[in-house]
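If you read the sequence from its start, that first residue is 1, and numbering goes on from there.
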Amino acid sequence: MKTLVVVTHPRHDSLTKAACERVLAGLKTAGDDIRILDLDDENFSPALTLEERLDHLGDPADRPANQHHFEALQWCERIVLVYPTWFGGQPAMLKGWFDRVWMNDVAFSLPTGASRIYAKLKNIKRLEIVTSHGSSRSLNWLQGNPGRITVFRTLRVLCHPLCRTRCTAIYDIDRATPEQVGEWLDLVEKRYS
């Protein structure tokens with residue numbers, strides 16, 4: 001399977017980067033064709049500029065800095081988003097990637113005069129999250145699971161109509177023992193093998 005792994009965390013010694021390594025190990029074992037976008041390593045700018053917002057329905061060719069991101073989205077059959085959940089959602093780097101890369105004529109089209117968008121990423125049949133939470137599962141539920149909703153309700157509608165979703169999360173990370181973290185990392189690798 002052609003799998004795009006998108007990871008973001010500013011620290012290389014983070015649990016997020018360790019989880020990403022385990023995702024990649026599992027995918028290699030499974031024989032997937034893998035591309036990786038490390039948003040922090042490439043210093044991706046999350047800010048949607050005024051010009052980009054005003055030209056949100058413009059031509060992606062006018063954004064050469066994001067071309068490899070556009071191509072990766074249109075190439076893959078599965079996306080695995082690896083990130084820490086901060087304040088209930090994705091870090092700014094990943095949210096900015098959604099804003100700047102999932103654009104017109106890449107992720108969707110909005111024909112002139114139309115009132116609804118049309119999905120263009122029908123190549124994506126799996127949309128998955130690997131994340132950590134400082135809070136408990138119940139607190140995240142009370143918050144409304146905003147991070148999951150952004151991915152599984154908003155981005156998913158731009159993918160294949162039968163796109164499957166999966167979330168592999170660890171909760172209460174601030175209180176987790178090294179053994180619990182190790183077990184979760186083993187689970188992450190196993191899920192991608």
Side-chain angles (χ1 to χ4, degrees), residues 1-44 46 68-69 72-73 75-98 101-102 124-156 159 163-193:
M1 178 172 275
K2 294 189 285 189
T3 301
L4 174 63
V5 177
V6 182
V7 61
T8 184
H9 197 290
R11 293 184 57 154
H12 287 282
D13 63 345
S14 66
L15 176 60
T16 299
K17 295 289 179 130
C20 185
E21 290 302 317
R22 299 299 281 274
V23 167
L24 294 172
L27 292 172
K28 288 174 186 167
T29 298
D32 281 29
D33 188 1
I34 307 164
R35 289 190 189 178
I36 305 161
L37 292 174
D38 187 320
L39 301 179
D40 294 275
D41 279 358
E42 69 176 70
N43 201 24
F44 181 83
H68 70 287
H69 293 270
L73 268 182
W75 164 84
C76 68
E77 298 168 306
R78 168 171 50 188
I79 295 179
V80 181
L81 303 170
V82 186
Y83 62 90
T85 296
W86 290 338
F87 291 97
Q90 290 83 15
M93 190 78 75
L94 186 57
K95 178 59 172 71
W97 186 75
F98 300 156
V101 175
W102 290 64
I124 300 174
K125 297 180 177 83
R126 297 192 66 144
L127 190 54
E128 302 175 1
I129 295 171
V130 175
T131 191
S132 60
H133 297 263
S135 59
S136 66
R137 183 185 303 263
S138 58
L139 180 57
N140 197 259
W141 179 83
L142 285 172
Q143 293 171 330
N145 292 308
R148 288 176 68 139
I149 287 173
T150 298
V151 175
F152 294 157
R153 291 191 187 168
T154 306
L155 299 183
R156 188 188 170 283
C159 300
C163 180
R164 292 174 32 205
T165 61
R166 177 171 65 181
C167 182
T168 307
I170 185 170
Y171 296 88
D172 279 324
I173 191 62
D174 299 332
R175 291 182 286 280
T177 66
E179 292 76 21
Q180 290 169 320
V181 171
E183 288 171 9
W184 181 72
L185 288 171
D186 290 344
L187 171 66
V188 168
E189 185 170 345
K190 183 178 178 184
R191 284 200 167 173
Y192 289 95
S193 297

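- Here the straight-line distance linking atom NZ of Lys2 with atom CG of Asp32 works out to 11.5 Å at 0.5 Å rounding.
- Proximity of a side-chain donor or acceptor of Ser132 to a complementary backbone N or O of Pro84 within less than 3.5 Å is not detected.
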Original post:
Taking it one step at a time, do Leu15 and Leu185 satisfy side-chain contact (heavy atoms from CB on, under 4.5 Å)?
Top reply: CA-CA 9 Å; Leu15 176 60; Leu185 288 171; 3.9 Å; yes
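- Other residues, nucleotides and ligands contribute more than 12 heavy atoms inside 6.0 Å of the CG atom of Asp13.
- The shortest heavy-atom contact between Thr168 and Arg191 is OG1-NH1, 2.8 Å.
- With rounding to the nearest 0.5 Å, the separation of CZ in Arg156 from CD1 in Ile79 is 13.0 Å.
- Remark: Ile129 CD1 to Thr165 OG1 distance equals 8.0 Å, nearest 0.5 Å.
- Residue pairs meeting the salt bridge (charged side-chain N to carboxylate O under 4.0 Å, His left out) criterion with at least one partner in residues 168-181, sequence neighbours excluded, are Asp172-Arg175.
- Proximity of the aromatic rings of Trp86 and His9 is defined here by a centroid distance below 6.0 angstrom, and this criterion is met.
- Minimum heavy-atom separation, Asp40 to Met93: OD1-CE, 3.4 Å.
- Between the side chains of Thr29 and Ser193, no donor-acceptor pair is found at a separation under 3.5 Å.
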Between side-chain atoms of residues 147-154 and protein atoms elsewhere (two or more places apart, or another chain), which donor-acceptor pairs fall under 3.5 Å?
{"residue": "Thr150", "atom": "OG1", "partner": "Pro146", "partner atom": "O", "Å": "3.0"}

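- The shortest side-chain heavy-atom distance between His12 and Asp41 falls under the 4.5 Å cut-off.
- A heavy-atom distance below 4.5 Å is not found between the side chains of Phe44 and Val6.
- The only member of Glu77, Arg78, Arg126 that meets side-chain hydrogen bond (donor to acceptor under 3.5 Å, both in side chains) when paired with Thr3 is Arg78.
- Going from atom CH2 of Trp184 over to atom CD1 of Ile173 covers 7.0 Å, rounded to the nearest 0.5 Å.
- Taking all atoms of both residues into account, the shortest heavy-atom contact from Pro91 to Thr8 is CG-CG2, 4.1 Å.
- Between the side chains of His69 and Glu42, at least one donor-acceptor pair of N or O atoms lies under 3.5 Å.
- Rounding to the nearest 0.5 Å places CG of Asp38 at 8.5 Å from CD1 of Ile36.
- Summarising the geometry, atom CG belonging to Leu4 is positioned 7.5 Å from atom CD1 belonging to Ile124; distances are rounded to the nearest 0.5 Å.
- Although no hydrogens or angles enter the test, the distance criterion places no donor-acceptor pair under 3.5 Å between the side chain of Arg137 and the main chain of Tyr171.
- Nearest heavy-atom pair, Lys17 versus Arg11, reported as atom, atom and distance to 0.1 Å: CG-O, 3.2 Å.
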Original post:
Would Trp97 and Gln90 satisfy side-chain contact (heavy atoms from CB on, under 4.5 Å), going step by step from the backbone distance to the final call?
Top reply: CA-CA 10 Å; Trp97 186 75; Gln90 290 83 15; over 6 Å; no
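- Closest of all the heavy-atom pairs between Val188 and Val130 is CG2-CG1, 4.1 Å.
- Using a cut-off of 4.0 Å between Lys/Arg side-chain N and Asp/Glu carboxylate O, Glu128 and Arg166 are scored as salt-bridged.
- For the pair Tyr192 and Val5, the minimum side-chain heavy-atom distance is 4.5 Å or more.
- Here the closest non-hydrogen pair linking Thr85 and Tyr83 is OG1-CE1, 3.7 Å.
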Subject >> Steps toward side-chain contact (heavy atoms from CB on, under 4.5 Å) verdict (Leu37, His68) >> reply: CA-CA 9 Å; Leu37 292 174; His68 70 287; 3.8 Å; yes
